[in-house]
Engineer: 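Quick one: the structure is below, questions incoming.
Order of the sequence lines fixes the chain letters, A, B, ..., with proteins taken first and strands second; residue numbering starts at 1 for each chain.
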There are 2 protein chains.
Amino acid sequence: MQLMSEKSAAGGGLRERKKRATRAALAEAAVRLAAEHGAEKVTVEAISAEAGVSVRTFFNYFDSRDDAFVVVDADAGERMRRAVLEAPADLSPLAALREAMAAELAEAEAQHELWRLHAKVLHASPHLLARGVGAHMAAEADLADALAERLRRTGDTGGPGSGTGSGSVTGAGSGLYPRLLAAVAGAAVRTSMDHWSAHQEEAAFLDVFHEVFTLLAAGLPAPSA
Amino acid sequence: MQLMSEKSAAGGGLRERKKRATRAALAEAAVRLAAEHGAEKVTVEAISAEAGVSVRTFFNYFDSRDDAFVVVDADAGERMRRAVLEAPADLSPLAALREAMAAELAEAEAQHELWRLHAKVLHASPHLLARGVGAHMAAEADLADALAERLRRTGDTGGPGSGTGSGSVTGAGSGLYPRLLAAVAGAAVRTSMDHWSAHQEEAAFLDVFHEVFTLLAAGLPAPSA
DNA sequence: ACATAAGTTGCATGGTATGCAAAGATGCAC
DNA sequence: GTGCATCTTTGCATACCATGCAACTTATGT
């Protein structure tokens, strides 16, 4: 029971494998069809046919048609959560988050082609892009919990107002700091991807990513002052 | 139905006023019905009936049913844009953004009751919350443009690598910095609202808001290290 | 008052989404 | 491998969402 929890790879039962395959097939069919004909022109019927299942089954896997375009990897959140918890203790919270996200992005690069198609589809229709952003929020909430846990382990809980030098209204234990961290890091990743996909030939993604987190750690200073 | 709001610069023509009134009536009906019966249980027919128009007219104002719950104030973005451009030159970009958003939030507090109902509705169903977040992205893009304009006026465009101390891959003029700023500030506002609505009795919203931006300006330091 | 532009409405149509019950796979014990 | 319990798939019925179109009603300018 302890060894079978390989991340997303072949799980134990045949049922689970089939379910994962079906879900993946539906998501992939959705993205490919959308990339070719435009997301608005792709019906649930077409997606289902391409994946070889019935329309009804599609809705057993996704709550709405748009979800098929948006949901990429369901357990990416769990991996990042672990990465944050297992990160070296001498990393700052922001740095731990950065490393976790960088690892996840590298993972996404594994399915190079699908990732690009996916980005193309989302970018093509703002409606879906918005939905995608929203989808990240659940993951951010999980990450915030993981960060809170990490803070509880690494340092003390401190008194309210202990560290920042300015009066802390809520105290670190109340959850504001981890949530802010997760939300801001998410925004940073989205900005990086956005900027990179717009200037793809000028800079490597990792360079943009690094610069963004450097700006964050410096407190977003005015560039020329 | 004949509520004529005087805030949004009551436009000259009768037509425009009627349109605004109808849109406001639809949005308000949607939020009130959703607050009472749950968003999922509110049909377009019910909203339209409450606002005194036909179902078909509803779809002349909103592209989808969910939009009626999400869209708050269409020209809030324009106001923030102006606020950023007209902010005192000695404010840091982050501070200018903070002031613009604070002013907008104060504006939202004007319709106290509706604002709370709105927050309640969005918070009750994650689906809408995600959509709401996505809706903010368009505004963020506009804000990023305004910030870029402000930076162009205030300072020089600088050479790449001029200000931050670390190599700037893209240069300030390429748009990464303003976009990051807008995205992060948006995330900060959302986090503030979230935290405040969860701990409403512990701290005033403005205190949370202030603390969040202080943390940002300090580079999100680890609270106890 | 008249012509024009703009907004509203009903109807028809097709896609989206859910509940339900029957049929088909799978897992497990024997 | 037989049989039973569980989960999954599927078709059908139903309701709601969303858009195009044409007819009708209401402002606006002269």
Engineer: Please state how far atom CD in A:Glu16 lies from atom C1' in D:dT9, giving the value in whole angstrom units.
Structural biologist: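 Those two atoms, CD and C1', are 17 Å apart.
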
Engineer: How is B:Asn60 classified with respect to the nucleic acid when contacts are heavy atoms under 4.0 Å: base, sugar-phosphate, or nothing?
Structural biologist: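 Here B:Asn60 touches the bases of the nucleic acid.
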
Engineer: Base, sugar-phosphate alone, or nothing: which one does A:Val53 contact when heavy atoms must sit under 4.0 Å apart?
Structural biologist: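 The residue A:Val53 makes sugar-phosphate contact but no base contact.
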
Engineer: Would you indicate, yes or no, if C:dT26 has its OP1 or OP2 atom less than 4.0 angstrom from a side-chain nitrogen or oxygen of A:Lys18?
Structural biologist: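 For C:dT26, OP1 or OP2 has a side-chain N or O of A:Lys18 closer than 4.0 Å.
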
Engineer: Which whole-number value in Å describes the distance from B:Glu45 CD to C:dC11 C1'?
Structural biologist: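 Checked: the CD to C1' distance equals 15 Å.
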
Engineer: Quick one: on DNA chain C, does A:Val44 or B:Lys19 contact a more 5' nucleotide (nearest heavy atom)?
Structural biologist: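 Residue closer to the 5' terminus by nearest nucleotide: B:Lys19.
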
Engineer: Using a cut-off of less than 4.0 Å, is there contact between a side-chain N or O of B:Thr57 and OP1 or OP2 of C:dT8?
Structural biologist: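 False: B:Thr57 side-chain N/O out of range (4.0 Å or more) of C:dT8 OP1/OP2.
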
Engineer: Using a cut-off of less than 4.0 Å, is there contact between a side-chain N or O of A:Tyr61 and OP1 or OP2 of D:dT9?
Structural biologist: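 Affirmative; the distance criterion is met.
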
Engineer: Using the side-chain heavy atoms of A:Ser54, tell me which of these nucleotides is nearest: D:dT9, C:dG27, D:dG11.
Structural biologist: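 Looking only at side-chain atoms, A:Ser54 lies closest to D:dG11.
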
Engineer: Nearest-Å distance, CZ (A:Arg17) to C1' (D:dT8)?
Structural biologist: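 Going from CZ in A:Arg17 over to C1' in D:dT8 covers 16 Å.
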
Engineer: Rounded to whole Å, please give me the gap between CG in B:Asp63 and P in D:dG20.
Structural biologist: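 Between P of D:dG20 and CG of B:Asp63: 10 Å.
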
Engineer: Could you tell me how far apart B:Phe62 (CZ) and D:dT19 (C1') are, to the nearest whole angstrom?
Structural biologist: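 To the nearest whole Å, that distance equals 17 Å.
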
Engineer: With a sphere of 6.0 Å drawn around CD of A:Glu45, does it hold more than 12 non-hydrogen atoms of other residues, nucleotides or ligands?
Structural biologist: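 Atom CD in A:Glu45 is not crowded, with 12 or fewer foreign heavy atoms closer than 6.0 Å.
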
Engineer: Under a 4.0 Å threshold between the charged nitrogen and the carboxylate oxygen, would A:Arg152 count as salt-bridged to A:Glu149?
Structural biologist: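 A:Arg152 and A:Glu149: salt-bridged.
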
Engineer: Quickly work out the B:Leu14 CG to D:dT28 C1' distance and round it to whole Å.
Structural biologist: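 Rounding to the nearest Å, CG of B:Leu14 and C1' of D:dT28 are 10 Å apart.
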
Engineer: Let's see if you can work this out: which of C:dT16, C:dC20, C:dG10 has an atom nearest to the side-chain heavy atoms of B:Arg56?
Structural biologist: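 Of the options given, the side chain of B:Arg56 lies nearest C:dG10.
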
Engineer: Between B:Glu104 and B:Arg82, is the closest basic N to carboxylate O distance under 4.0 Å?
Structural biologist: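 Salt bridge flag = no for B:Glu104 with B:Arg82.
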
Engineer: Suppose we call a contact any N or O donor and acceptor under 3.5 Å apart; does that hold for the side chain of B:Arg15 and the base of C:dA5?
Structural biologist: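 Such a pair exists between side chain and base.
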
Engineer: Output the rounded distance in Å from CZ (B:Phe59) to P (C:dC11).
Structural biologist: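 The answer, rounded to whole Å, is 17 Å.
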
Engineer: Is there a side-chain contact between B:Arg65 and the phosphate of D:dC17, meaning an N or O under 4.0 Å from OP1 or OP2?
Structural biologist: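 Affirmative; the distance criterion is met.
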
Engineer: Report yes or no: is the cationic atom of B:Arg23 (NZ for Lys, CZ for Arg) under 6.0 Å from the centre of the six-membered ring of B:Phe62, at an angle within 45° of the ring normal?
Structural biologist: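 Cation-pi check for B:Arg23 and B:Phe62: passes.
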
Engineer: Under 4.0 Å between a side-chain nitrogen and a carboxylate oxygen: does that hold for B:Glu36 and B:Arg32?
Structural biologist: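 Salt bridge between B:Glu36 and B:Arg32, a charged N being under 4.0 Å from a carboxylate O: no.
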
Engineer: In this structure, how many angstroms lie between the P atom of C:dG7 and the CZ atom of B:Arg20, rounded?
Structural biologist: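 The answer, rounded to whole Å, is 13 Å.
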
